[in-house]
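Remarks on the structure that follows.
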Amino acid sequence: MKALYFASVREHIGKAEEILAPPEEAVTVADLMHWLAAQGENYAAAFASAKTIHAALDRTHVKQDAPLKGAQEIAFFPPMTGG
Amino acid sequence: MKALYFASVREHIGKAEEILAPPEEAVTVADLMHWLAAQGENYAAAFASAKTIHAALDRTHVKQDAPLKGAQEIAFFPPMTGG
Amino acid sequence: MSARIFVRVQKEPFDAPLEAASLTKGRSDIGAVVTFTGLCRDEGGALNALEIEHYPVMAEAEIARIASQAAARWPLEGIIAIHRFGLIRAGEPIVFVAAASQHRAEAFAAAAFLMDYLKTGAPFWKKQHFKNGASGGWVAAKGEDEAAAERWRAS
Amino acid sequence: MSARIFVRVQKEPFDAPLEAASLTKGRSDIGAVVTFTGLCRDEGGALNALEIEHYPVMAEAEIARIASQAAARWPLEGIIAIHRFGLIRAGEPIVFVAAASQHRAEAFAAAAFLMDYLKTGAPFWKKQHFKNGASGGWVAAKGEDEAAAERWRAS
């Protein structure tokens with residue numbers, strides 16, 4: 001599964017994208033975030049305010065309780081500030 | 001006192017402007033309209049639906065009970081349809 | 001109330017884009033520009049043109065008064081209001097308003113306010129000319145326009 | 001839902017006027033066009049530029065989704081939505097939306113709706129660059145933008 005990170009999440013983690021191999025227990029978006037946060041200080045910092053982090057599965061906004069299912073791409077980012 | 005007529009009021013009366021010499025009893029805009037309506041069939045037709053006719057004194061919207069005072073110009077017209 | 005206000009009543013067509021650009025040219029303190037352009041509709045192909053009669057001098061004064069009210073009500077950087085008169089063919093622009101401000105809510109509100117009041121308070125009257133040569137007579141004032149203007153008094 | 005929808009996400013500046021003109025060109029069935037242009041403010045002279053990061057593909061898709069929602073909600077003839085990314089200097093345009101319809105209320109509502117949802121739902125993030133060389137960090141999302149988007153759900 002490909003992960004994309006944007007804005008402050010990208011800066012905290014120190015990369016824009018990577019391929020993840022999460023454990024089978026990571027069923028939902030929240031599970032994946034929890035697992036990622038344990039992958040190092042940079043990840044912990046990125047997901048410190050986990051509730052404010054938005055996620056998209058295959059380029060569609062999802063809530064954190066959404067199942068990862070067979071999604072090929074997941075993105076994490078702070079609240080959007082376009083316009 | 002100069003009178004200006006616009007749109008359907010102008011068409012009914014058959015002229016765009018004229019100088020009026022209303023009687024002294026014509027104190028308000030409504031008085032003047034009442035007097036004008038008696039000046040011929042064309043005027044009667046112009047002011048037949050008197051309540052819907054708008055008036056401006058010296059280029060400012062006024063209600064029909066407004067006093068004519070020393071106004072130099074009065075205009076009569078139907079509801080506006082600009083924009 | 002430092003908004004720059006430009007009001008014009010004219011027979012000639014106008015270039016809405018060029019007008020809007022003049023509001024922001026050389027400035028970097030404006031965050032939002034909302035424009036409204038009103039055009040002559042052909043009413044399903046039946047209408048050839050609108051003939052717009054106006055009360056000169058009062059038309060300019062009334063539009064300027066409405067623009068000043070908008071500038072007093074919202075923090076605006078600039079306002080443009082242009083209204084044409086005379087014969088206007090289907091597809092041509094009739095009216096243009098633009099409002100510039102730091103944030104978008106004010107520009108949206110001011111532009112809508114300007115149009116609502118222009119519709120009911122500025123001395124213009126429209127007569128329809130149909131393609132079959134008939135005159136459709138004077139356009140009747142719409143109750144919904146009065147209601148639209150009224151909403152600004154309530155709030 | 002016959003509105004023609006044009007969505008673009010681009011690095012280059014755009015010509016808002018030209019974009020708006022494309023909505024009405026050759027048509028005489030449109031009575032109202034409302035446009036919104038969002039520009040980079042210099043924040044009292046302190047800001048040099050905004051750097052806008054975006055999620056490619058999703059950004060276009062999300063804006064198109066929002067535009068389709070507007071077209072389903074109001075009888076519109078056309079919608080344009082353009083959003084830039086990359087470095088945008090103070091005074092330059094960032095975003096442009098336009099809505100064309102037969103009557104003005106729908107065009108005003110649709111343009112405001114598009115902006116409210118673009119602000120909160122399209123994957124763009126702004127970083128500030130100040131004139132003194134400092135980075136002002138990421139712009140924080142505003143609660144008022146969430147509230148603005150929320151109002152369309154209630155009605």
Side-chain angles (χ1 to χ4, degrees), chain B residues 1-20 28-30 32-33 36-37 41-83, chain C residues 7 9 36-41 50-66 81-86 88 93-97 111-128 135-149:
Chain B
M1 163 176 246
K2 185 178 179 179
L4 300 180
Y5 310 121
F6 292 99
S8 56
V9 175
R10 173 181 56 72
E11 289 185 337
H12 277 302
I13 295 178
K15 49 189 149 187
E17 59 178 84
E18 64 182 321
I19 302 299
L20 299 181
T28 68
V29 169
L32 184 63
M33 289 170 71
L36 271 172
E41 278 183 20
N42 50 339
Y43 290 93
F47 295 101
S49 310
K51 282 186 182 166
T52 70
I53 301 300
H54 291 235
L57 282 175
D58 290 336
R59 303 182 197 101
T60 299
H61 292 296
V62 292
K63 295 198 169 168
Q64 293 188 5
D65 61 3
L68 298 171
K69 279 189 205 148
Q72 303 202 304
E73 184 173 302
I74 188 164
F76 292 107
F77 42 82
M80 292 151 284
T81 55
Chain C
V7 170
V9 173
F36 174 86
T37 307
L39 304 114
C40 177
R41 273 179 291 121
L50 285 173
E51 192 180 331
I52 301 187
E53 183 169 334
H54 78 302
Y55 184 174
V57 185
M58 182 175 170
E60 286 90 337
E62 197 62 21
I63 296 175
R65 197 179 62 76
I66 294 165
I82 303 172
H83 203 301
R84 288 177 68 197
F85 61 88
I88 295 175
I94 300 169
V95 62
F96 176 77
V97 307
F113 172 94
L114 288 165
M115 279 312 302
D116 288 345
Y117 274 92
L118 272 181
K119 286 261 175 191
T120 57
F124 292 87
W125 301 271
K126 293 192 187 108
K127 191 171 203 170
Q128 298 178 308
S135 166
W138 297 97
V139 171
K142 278 186 272 185
E144 66 191 58
D145 286 331
E146 274 297 339

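Numbered from 1 within each chain, the chains take letters A, B, ... in sequence-line order. Worth knowing before you read on, the calculation uses all heavy atoms, side chains too, and leaves out hydrogens, waters and symmetry mates.
- Residues from residues 119-126 of chain C that place a non-hydrogen atom less than 4.5 Å from a non-hydrogen atom of chain B comprise K119(C), T120(C), G121(C), A122(C), P123(C), F124(C), W125(C), K126(C), given in numerical order.
- Heavy-atom distances place no part of E51(C) under 4.5 Å from chain B, backbone and side chain included.
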Residues 44-51 of chain B side chain polar contacts: donor-acceptor under 3.5 Å, at least two apart:
none

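- Ring orientation note: the planes of H61(B) and F77(B) are nearly perpendicular, at an angle over 60° on the 30°/60° scale.
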Report all side-chain donor-acceptor pairs from residues 53-60 of chain C shorter than 3.5 Å, counting only partners two or more places apart or in another chain.
unit_1: E53(C); atom_1: OE1; unit_2: R10(B); atom_2: NE; d: 3.3
unit_1: E53(C); atom_1: OE1; unit_2: R10(B); atom_2: NH2; d: 2.5
unit_1: E53(C); atom_1: OE2; unit_2: A7(B); atom_2: N; d: 2.8
unit_1: E53(C); atom_1: OE2; unit_2: R10(B); atom_2: NE; d: 2.9
unit_1: Y55(C); atom_1: OH; unit_2: E73(B); atom_2: OE2; d: 2.4
unit_1: E60(C); atom_1: OE1; unit_2: V57(C); atom_2: N; d: 2.9

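- Listed by chain and number, the residues in a side chain to side chain donor-acceptor pair (under 3.5 Å) with E146(C) amount to none (sequence neighbours excluded).
- In terms of non-hydrogen atom pairs under 4.5 Å with chain C, the most contact-rich of P78(B), A75(B), G82(B) is G82(B).
- Side-chain contact between E62(C) and Y117(C) is absent, with no heavy atoms from C-beta onward closer than 4.5 Å.
- With a threshold of 4.5 angstrom between heavy atoms, K142(C) does not approach chain B through any atom at all.
- Judged purely by atom type and a 3.5 angstrom limit, D116(C) has no side-chain atom pairing as donor or acceptor with the backbone of A149(C).
- Each of R84(C), K127(C), M115(C) has some count of heavy-atom pairs under 4.5 Å with chain B, and the biggest count is that of K127(C).
- Remark: the backbone N or O of A30(B) is not paired with any side-chain donor or acceptor of D65(B) at under 3.5 angstrom.
- Between P93(C) and I88(C), the shortest heavy-atom contact is O-CG2, 4.1 Å.
- For chain B, the option among D145(C), I52(C), V139(C), L118(C) with the highest count of heavy-atom pairs below 4.5 Å is V139(C).
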